[in-house]
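Down below is the structure, laid out as structure tokens.
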Amino acid sequence: MTSARRKSYGVKGAPYAFLIPATVLFLVFFALPIGYAVWLSFRKVHVSGLGLGKGAREEVWAGLSNYTAALQDSELLHGALRVLGYGCIVVPVMLGLALLFALMLDSDKVRFTPFTRLAIFLPYAIPGVVAAMLWGFLYLPDVSPFYYVLDKLGLPQPDLLSGGPLYLALSNIAVWGGTGFNMIVIYTALQAIPAEVYEAAKLDGATPSQIALRIKIPMVAPSLVLTFFFSIIATLQVYNEPTTLKPLTNSVSTTWSPLMKVYRDAFGTNDIYAAAAQAVIIALATLLLSFGFLRAANRRQKQEAAR
């Protein structure tokens, strides 16, 4: 083989060589754990006699029994319903505030834009567990400065860690931490809109509100779809907030969200097979909802483009 041909093969194989580290990491830390979880979801432990002695506990094939039990589990269903109510609060409020802040920052009349942008984004940089702990102490009547002020003013002091207000308390933590990230995504899309579009609209007599409603929002629709997609995934996987607030109130059970139930079954009751089946169901539900939403969004964009 000539040196020129060897050099040609080396150049062609260079991209694949650069992909090897990422491929190995993907297989080891992503594909392999998923495959192992799927494998465990089809297994169970068969106990012989009293379960004592060698060979008394044996891992056997379970078929779809773990999935059937998971779909009939009332705790998992109730956790999914709680997450649904939580998401109905978090997603529209968070994306609405993110869009509002992005439009405000994109306005020519706003001053100190870099500082304001950083201030809005800063809560996202705080880890979710730390944010939940900070807000948890603010929710406690004995240590919260807000309750102290309400008490001095003679105003009612609502219990935010029980009943219906608990959803608002948990949603507030998610909105406070996630609005900044979504705002940056939308604001970046606004910055990419050509200035000539705004100038043409102003020459036609469009007001700032009309420019925002009829030009800016439609042109950043792909970013809104992207942020909505990420928000749905984050909502279905809510875990940090209720887990962190659980020691502060009896209203948050160990199965408040589906992921909390998976953790309880896997590491609390040591039923890793049922937990694996539940995790696979949650992953499939997330995939189906995300795929369905993206299909619907793409279909709508094609219809609008055809008009």
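FYI, the numbering just counts along the sequence from 1.
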Quiz: residues 218-231 side-chain donor-acceptor pairs under 3.5 angstrom, not counting sequence neighbours:
{"from": "Thr227", "atom 1": "OG1", "to": "Ser223", "atom 2": "O", "distance (Å)": "3.0"}
{"from": "Thr227", "atom 1": "OG1", "to": "Leu224", "atom 2": "O", "distance (Å)": "2.9"}
{"from": "Ser231", "atom 1": "OG", "to": "Thr227", "atom 2": "O", "distance (Å)": "2.7"}

Under 3.5 Å, which donor-acceptor pairs do the side chains of residues 19-37 form with other protein atoms, sequence neighbours left out?
{"from": "Thr23", "atom 1": "OG1", "to": "Leu19", "atom 2": "O", "distance (Å)": "2.7"}

Residues 165-181, side-chain donor-acceptor partners within the protein, below 3.5 Å, at least two apart:
{"from": "Ser171", "atom 1": "OG", "to": "Tyr167", "atom 2": "O", "distance (Å)": "2.6"}
{"from": "Asn172", "atom 1": "ND2", "to": "Tyr139", "atom 2": "OH", "distance (Å)": "3.0"}
{"from": "Thr179", "atom 1": "OG1", "to": "Val175", "atom 2": "O", "distance (Å)": "2.5"}

**Request:** Take Phe42 and Tyr273 through the test side-chain contact (heavy atoms from CB on, under 4.5 Å) and record every step on the way to the result.
**Result:** CA-CA 7 Å; Phe42 291 103; Tyr273 309 101; over 6 Å; no

**Request:** Would you check, one step at a time, whether the test side-chain hydrogen bond (donor to acceptor under 3.5 Å, both in side chains) holds for Ser41 with Tyr67?
**Result:** CA-CA 8 Å; Ser41 67; Tyr67 289 94; 2.6 Å; yes

**Asked** When you look at Leu77 and Gln72, which way does the side-chain contact (heavy atoms from CB on, under 4.5 Å) test go after all the steps?
**Response** CA-CA 8 Å; Leu77 177 60; Gln72 296 176 350; over 6 Å; no

**Trace of the side-chain contact (heavy atoms from CB on, under 4.5 Å) decision for Ile282 with Leu259** = CA-CA 8 Å; Ile282 295 172; Leu259 283 187; 4.1 Å; yes

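Contact of the Pro114 side chain with the Leu118 side chain is not registered, since no non-hydrogen atoms from C-beta on lie closer than 4.5 Å. In this structure, the side chains of Leu76 and Thr255 stay at 4.5 Å or more apart for every pair of heavy atoms. You'll find the side chain of Ser257 stays beyond 4.5 Å of the side chain of Leu236, heavy atoms only. For the pair Leu160/Tyr147, a side-chain contact is recorded, criterion being any heavy-atom separation below 4.5 Å from C-beta on. Between Asn182 and Val185 the shortest side-chain heavy-atom distance does not fall below 4.5 Å. At a threshold of 4.5 Å between non-hydrogen side-chain atoms, the residues Leu140 and Leu161 count as touching. Ser74 places a side-chain heavy atom less than 4.5 Å from the side chain of His78.
Every residue was checked against the salt bridge (charged side-chain N to carboxylate O under 4.0 Å, His left out) condition with Asp271, not counting sequence neighbours, and none meets it. For the salt bridge (charged side-chain N to carboxylate O under 4.0 Å, His left out) test, residues two or more places apart in sequence or in another chain that qualify with Lys202 are Asp108. By the side chain to side chain contact (heavy atoms under 4.5 Å, CB included) test, Phe121 is found to be paired with Tyr124, Ile184, residues two or more places apart in sequence or in another chain being considered. Annotation: salt bridge (charged side-chain N to carboxylate O under 4.0 Å, His left out) contacts of Lys216 (sequence neighbours excluded): Asp106.
A donor-acceptor contact shorter than 3.5 Å is absent between the side chain of Thr235 and the backbone of Gly87. Under the 3.5 Å distance criterion, the side-chain polar atoms of Thr249 are left unmatched by any main-chain donor or acceptor of Val252. Between the Thr243 side chain and the Asn240 main chain, no donor and acceptor come within less than 3.5 Å of each other.
By the rule that hydrophobic residues join a cluster once side-chain heavy atoms approach within less than 4.5 Å of another member, Val197 and Ile217 end up as members of one cluster. Phe293 and Leu287 sit in two unconnected hydrophobic clusters of ILVMFWY residues. Membership requires side-chain heavy atoms under 4.5 Å apart, directly or through other members. Both Val238 and Val130 are part of a single hydrophobic cluster, where members link through side-chain heavy atoms under 4.5 Å apart. Using a 4.5 Å cut-off between side-chain heavy atoms of Ile, Leu, Val, Met, Phe, Trp and Tyr, with links allowed through other members, Met183 and Leu99 fall into different hydrophobic clusters. Using a 4.5 Å cut-off between side-chain heavy atoms of Ile, Leu, Val, Met, Phe, Trp and Tyr, with links allowed through other members, Val280 and Trp39 fall into the same hydrophobic cluster.
Listed here is the closest heavy atom pair of Ala277 and Asn66: CB-CB, 3.6 Å. Minimum interatomic distance between Ala201 and Ile215 (heavy atoms only, all atoms of both residues): CB-CD1, 3.4 Å. Closest of all the heavy-atom pairs between Ala275 and Asp265 is CB-CB, 4.1 Å.
Here Leu203 is tied to no hydrophobic group at all, with no ILVMFWY side chain closer than 4.5 Å. Under a 4.5 Å side-chain heavy-atom criterion applied to ILVMFWY residues, the cluster that includes Leu288 comprises that residue alone.
For residues 26-47, every residue pair satisfying the salt bridge (Lys or Arg N to Asp or Glu O under 4.0 Å) rule, not counting sequence neighbours, is listed here: Arg43-Glu59. Listed by first and then second residue, the salt bridge (Lys or Arg N to Asp or Glu O under 4.0 Å) pairs that reach into residues 66-83 are Asp73-Lys261, Glu75-Arg264, sequence neighbours excluded. Applying the salt bridge (Lys or Arg N to Asp or Glu O under 4.0 Å) rule to pairs touching residues 149-176 yields nothing, sequence neighbours excluded.
Note that OG1 of Thr286 is 11.5 Å distant from CD1 of Ile281, once rounded to the nearest 0.5 Å. The distance from atom OG1 of Thr244 to atom CH2 of Trp135, rounded to the nearest 0.5 Å, is 14.5 Å. Taking CD1 of Ile211 as the start and OH of Tyr198 as the end, the distance is 8.5 Å to the nearest 0.5 Å. Distance check: Gln191 CD to Ile186 CD1 gives 13.0 Å after rounding to the nearest 0.5 Å. Here Leu105 contributes atom CG and Leu100 contributes atom CG; the two are 9.5 Å apart, rounded to the nearest 0.5 Å. Distance check: Leu71 CG to Gln278 CD gives 9.5 Å after rounding to the nearest 0.5 Å.
Surrounding CG of Asn250 are at most 12 heavy atoms belonging to other residues, nucleotides or ligands under 6.0 Å away.
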